[in-house]
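To start, the structure under review is shown below, and the notes come after it.
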Amino acid sequence: MSMYENVQHQFTKAADLMKLDEGVRKILSITNNEILVNFPVKMDDGRIEVFTGYRVQHNNALGPYKGGLRYHPTVDIDAARALATWMTWKTSLAGLPYGGGKGGIQIDPKKYSQTELERITRRFTFALGDNIGPELDIPAPDVNTNAQMMAWIADTYMQTKPTAERSMYKHVVTGKPVGSGGLEGRDRATGFGVVATIRQWAKLRNKNLKGMKYIVQGFGNVGYWAAHFMAKEGAILIAVQDASGTIYNANGIDPEKLNEHATPNLTGVKDFPGTEAIDPKTFFGLQCDIVIPAALGNQITGENAGEIKASLIAEGANGPVDVTGDAVLNEKGIDIIPDILCNSGGVIGSYFEWLQNRQGELWEMDDVINKLEAKLVKSFNQVVACADKYKTDWRTAAYIEAISRIDVAYKQRGIFP
Ligand code: GLU
């Protein structure tokens, strides 16, 4: 099943249960705009390459489109549609004045130099032109994109505006470096949010995170920061999987040392001293309490979900569990904190950055973290209450909460003309 089919399936389940208005169902079943750009870039050796970039804008009933840009070989129109749609639900559930968008370029960034990545990013931004904008569609980092790239996007976009107005456009993108209008704490916001929702789960289920064993798939921004905050709870990281390999140590892996090993040269977790390499296929079946998928979509499926022994899946990634995997996990009574709740700390951080830029303020880290946690706790409790009300799983409940807010906006405003 493709990623977009998965989202459609999840949407239909929630829409049926909440008896969603037929008209609103039609609107939300399809994306508003789909932008595809082919653009040329000069490589370091003088050759010209043409790249394909996407930006899909799913819905903007609640505010400007919002969502990341990813650089990955799996980026295509289907993935962009699915990820844009998830952003609509995510921003709505978090109570943010945004809609949903997503995009990216189908490339493996490891194959390009830093100067090439800069030209690719800048030329992509130029090709998108006024299809993005601080009150229209606001990109952010996602898989394989980072603060430096966001700074290039902001700079390129601003260069296309009249000189006197340039500084007004800084919030065309979020996730910028702190020195360029970025928010203190935006780097850790997603991983912090993942752990904040796990803490709520532990409270609800009367469990203590201290000493609990967990595994993480993906050791990028989300995986690393989630592990960083799990360590503060006293939980033990026993295995990590990424594109480079799968590493294991029953006595625990230090997230900080692993980050120093894996991140600087993009080498990944492979060969981290003190761990053994294990068969990637055995990863999800490892004996542990919590699984944090923080990589790509469709990782836990009908094929491998049955092997999972953990009592919680905390979805740091977008769409890591497909529809068939979801059914197996629900059947087994395994809790799932769904992506649109679990990883929403990132876009909530982005919202704070956007507000900070818009109002010319500088927020402090403690303030950011406290506000972030308050929003996540609220969303978590709303999802649990909604699941009780509709006697359904947390994912469907999160969808119902998110869709309800959009439904209300359409009811209040009507359809133009
Ligand atoms: N890419 C992140 C996500 O999937 C963040 C999006 C944003 O901050 O706009 O939620």
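Not measured: the values here are computed from a predicted model.
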Passing candidate, ring-ring contact (aromatic ring centres under 6.0 Å, His included) with His58, options Tyr65, Phe11, Trp86, Trp89: Trp89

Between [X] and [Y] (side chain of the first, backbone of the second, donor and acceptor by atom type, cut-off under 3.5 Å), is there such a pair?
X	Y	result
Asp279	Thr282	no
Arg186	Gly175	no
Thr91	Tyr98	yes
Glu315	Asp339	yes

Minimum heavy-atom distance between Gly268 and Asp242, given as atom pair plus value: CA-OD2, 3.2 Å

Nearest non-hydrogen partners of Leu17 and Tyr390, listed with the distance: O-CE2, 3.8 Å

For [Y], is there an ion pair with [X] - N to carboxylate O distance below 4.0 angstrom?
X	Y	result
Asp335	Arg205	yes
Glu135	Arg358	yes
Lys13	Asp393	yes
Arg122	Asp155	yes

Trp201 six-ring centre to Arg199 NZ/CZ under 6.0 Å and within 45° of normal: no

Stacked cation flag Lys176 on Trp152, 6.0 angstrom / 45 deg: no

Min side-chain heavy-atom separation Val75-Arg70 under 4.5 Å: yes

Over 12 non-hydrogen atoms of neighbours within 6.0 angstrom of CD in Glu364: no

Partner set under side chain to side chain donor-acceptor pair (under 3.5 Å) for Lys170, not counting sequence neighbours: none

Worked check of salt bridge (Lys or Arg N to Asp or Glu O under 4.0 Å) between Asp142 and Lys102: CA-CA 9 Å; Asp142 198 81; Lys102 194 72 143 222; 3.0 Å; yes

Option among Ile198, Thr197, Ile334 that satisfies the side chain to side chain contact (heavy atoms under 4.5 Å, CB included) test with Leu312: Ile198

